[in-house]
There are 2 protein chains.
Amino acid sequence: MSDLEGISPLTLNRLSVYLRCLRHLQVAGVRRVSSQALAERYLLSAHQIRKDLAQFGEFGIRGVGYDVDDLAQHLTTLLGLDRLYRLLIVGMGNLGNALAHYLGFNQGAFRVVAAVDRDPERVGRDMGTFRVYHVDELAAVVRRSGAEIGVLAVPAEAAQENYDALVAAGIRAVLNFAPARVKRTAEVPLKNVDLRINLEEVAFVLRQGELRGEAGGEGEGEG
Amino acid sequence: MSDLEGISPLTLNRLSVYLRCLRHLQVAGVRRVSSQALAERYLLSAHQIRKDLAQFGEFGIRGVGYDVDDLAQHLTTLLGLDRLYRLLIVGMGNLGNALAHYLGFNQGAFRVVAAVDRDPERVGRDMGTFRVYHVDELAAVVRRSGAEIGVLAVPAEAAQENYDALVAAGIRAVLNFAPARVKRTAEVPLKNVDLRINLEEVAFVLRQGELRGEAGGEGEGEG
DNA sequence: AGATGTGAATGAGTTCACAGCT
DNA sequence: AGCTGTGAACTCATTCACATCT
């Protein structure tokens with residue numbers, strides 16, 4: 001069991017998906033589920049679910065299946081979602097706003113504690129659960145707010161400098177949404193998320209379908 | 001060469017990245033680049049760049065490297081980015097707005113031609129290059145605008161029904177940003193992009209760092 | 001019986017080493 | 001000499017078959 005060090009990013013992402021599905025089942029009042037039922041309901045692979053889970057212990061009951069609450073709890077601790085992560089959004093334009101308000105960036109294990117921007121128009125704004133500060137105050141904001149994860153939602157040109165500033169300010173990890181390949185330092189983990197790449201992927205399979213006289217693509221992926 | 005059918009999504013995404021890097025070099029006035037130079041500049045693998053490119057022909061010059069313009073052109077056609085794709089945004093909340101205005105969803109090969117929403121507040125709004133219609137008019141909007149790719153930026157609960165509506169309306173491909181596992185029909189390719197999963201991944205590596213006494217994570221990924 | 005957990009088999013993807021051009 | 005293109009080695013990931021447990 002365990003081997004918590006060497007989980008592959010692919011497995012890790014699937015575990016997140018499983019947890020999302022289990023939460024969904026919890027809300028629906030389902031208490032037990034088999035790998036097969038889970039797979040069918042959410043378009044996954046039963047084999048893979050079992051393989052992925054087995055890597056970390058025996059969470060199921062043979063002949064029966066998995067206890068939904070129990071498994072959800074296990075995955076939550078495994079993924080490290082049993083505590084709070086404080087987020088700082090860098091760049092409160094359209095994207096920063098969307099991330100802050102939408103899609104669970106302010107739910108469960110994650111809380112947006114502050115934002116910074118360089119536009120005086122936006123600085124000082126009260127966003128309800130957090131406020132917008134000037135980017136020059138970054139270090140102080142990180143310290144006072146206790147922010148651990150920085151979310152870059154700035155234009156491509158500004159991405160690297162803001163990553164560097166976040167590192168200097170003592171942030172612990174960074175998620176970059178700017179369409180730029182930011183270079184990380186040894187100490188502060190970074191994940192580049194390029195939204196446009198997904199669009200290009202979809203466009204490609206669409207085009208493939210066209211070229212071979214409309215039969216529909218194959219892919220159904222992840223983000 | 002070619003084998004354009006069986007490109008793996010991973011390769012495909014890397015090709016998009018290469019193209020992005022080449023465009024960057026073009027702007028900087030660089031005319032020739034070796035796989036190694038490209039790899040060093042953008043934190044890639046020279047071996048992999050060559051392998052990926054070689055799959056489709058001989059784009060380089062041995063002993064010299066690649067012609068930047070030339071390779072960019074090749075990749076553009078290869079990825080199918082040599083024509084225009086018309087986008088329709090479903091859901092003009094924070095996220096829909098952000099996608100429409102930011103990050104290249106309205107640049108190059110992609111153009112947002114229309115949006116739909118069910119909130120009367122938003123319906124009728126003129127977004128400059130496109131307008132917001134009521135979701136009930138979806139079929140007519142798709143037909144008139146010639147939209148091919150639908151971008152779902154609605155709450156999780158509404159994702160599946162809106163995908164189905166898009167399919168019924170004759171859309172050709174869908175990109176889903178709602179945190180829900182939408183099921184695709186055979187004909188209309190779908191890509192689910194879950195923004196939160198990236199956050200969970202970063203949180204995980206951050207926590208790993210903590211648990212083994214701060215050494216910084218390893219991962220440096222993709223979206 | 002029925003579903004999990006696991007080792008073995010298959011397949012995909014990446015890295016390497018070097019042959020082949022320029 | 002230098003850098004690409006490629007077949008072979010290797011590593012990683014997924015799928016399968018079945019032993020194991022309730």
Side-chain angles (χ1 to χ4, degrees), chain A residues 1-3 5-18 22 25 30-68 70-72 74-75 78 201 218-222, chain B residues 1-3 5-18 21-22 25 30-41 43-68 70-72 74-75 78 201 218-222:
Chain A
M1 57 160 114
S2 232
D3 192 11
E5 291 260 337
I7 312 181
S8 86
L10 294 182
T11 307
L12 190 61
N13 288 347
R14 281 195 302 267
L15 294 178
S16 287
V17 170
Y18 302 158
L22 290 169
L25 290 178
V30 178
R31 307 193 67 79
R32 267 196 195 142
V33 71
S34 69
S35 59
Q36 198 182 339
L38 197 64
E40 277 169 18
R41 174 73 187 75
Y42 295 102
L43 228 54
L44 306 164
S45 148
H47 287 298
Q48 192 146 54
I49 292 172
R50 294 209 300 279
K51 189 63 150 193
D52 286 340
L53 296 178
Q55 207 173 139
F56 306 98
E58 305 206 356
F59 301 136
I61 306 163
R62 300 187 186 203
V64 178
Y66 300 89
D67 181 282
V68 175
D70 194 45
L71 184 54
H74 273 295
L75 287 180
L78 207 114
E201 191 181 325
E218 322 291 280
E220 193 276 326
E222 209 66 352
Chain B
M1 56 160 114
S2 234
D3 192 13
E5 291 261 337
I7 312 181
S8 86
L10 294 183
T11 307
L12 190 60
N13 288 347
R14 282 195 301 268
L15 293 178
S16 287
V17 170
Y18 303 157
C21 297
L22 290 168
L25 290 178
V30 178
R31 308 194 64 80
R32 268 199 195 142
V33 71
S34 70
S35 58
Q36 198 181 340
L38 197 64
E40 277 169 16
R41 174 71 186 77
L43 227 52
L44 304 164
S45 148
H47 286 298
Q48 193 144 54
I49 291 172
R50 294 208 301 278
K51 191 61 154 192
D52 287 339
L53 296 178
Q55 208 173 137
F56 306 98
E58 306 207 355
F59 301 137
I61 306 162
R62 300 186 184 204
V64 178
Y66 300 89
D67 181 281
V68 174
D70 194 46
L71 184 54
H74 273 294
L75 287 180
L78 207 112
E201 191 181 326
E218 323 288 284
E220 192 275 324
E222 211 64 354

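Owing to the predicted nature of the structure, the values given are computational and were not obtained by experimental measurement. Throughout, protein chains are lettered first and strands after them, A, B, ... in sequence-line order, and every chain is numbered starting at 1.
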query: Do the side chains of B/E201 and A/S16 get nearer than 4.5 Å, heavy atoms only?
result: no
- prompt: Is there side-chain contact between B/L44 and B/Q48, with at least one heavy-atom pair below 4.5 Å?
  reply: no
message: If you apply the rule side chain to side chain contact (heavy atoms under 4.5 Å, CB included), what do you find for B/V30 with B/L22, and how did you get there?
response: CA-CA 9 Å; B/V30 178; B/L22 290 168; over 6 Å; no
- prompt: Would you say a side-chain N or O of A/S35 is under 4.0 Å from OP1 or OP2 of C/dT4?
  reply: yes
message: Rounded to the nearest 0.5 Å, what separates atom OG in B/S45 from atom CD in B/Q36?
response: 10.5 Å
message: Just the rounded figure in Å: distance from C1' of C/dG5 to CG of A/L71.
response: 14 Å
query: When you check the gap from the basic side-chain N to the acidic O, do A/D52 and A/R14 get nearer than 4.0 Å?
result: yes
- prompt: Mind checking which nucleotides bracket the chain A contacts on DNA chain D, 5' to 3', with an atom under 4.0 Å from a heavy atom?
  reply: D/dA13 to D/dT22
field: OP1 or OP2 of C/dG2 under 4.0 Å from side-chain N/O of A/Y66
entry: no
query: Whole-Å distance between C/dT6 P and A/Q55 CD?
result: 11 Å
task: Heavy atoms under 4.0 Å is the rule here; annotate nucleotides 8-18 of chain C 5' to 3' with B where the base is hit, S where only the sugar-phosphate is, and - elsewhere.
output: B----SSBB--
Interatomic distance, B/F56 atom CZ to B/T11 atom OG1 [nearest 0.5 angstrom]: 6.5 Å
query: Given atom CD1 of A/I49 and atom P of C/dT6, what is their separation to the nearest angstrom?
result: 17 Å
field: Nucleotide C/dC21, atom P - distance to CZ of B/R62 in whole Å
entry: 6 Å
query: Given the rule in the side chain to side chain contact (heavy atoms under 4.5 Å, CB included) test, do A/L53 and A/Y66 qualify, once you have shown the distances and angles that lead to the verdict?
result: CA-CA 11 Å; A/L53 296 178; A/Y66 300 89; 3.7 Å; yes
task: Could you tell me the separation between the CD1 atom of A/I49 and the OH atom of A/Y42, rounded to the nearest 0.5 Å?
output: 11.0 Å
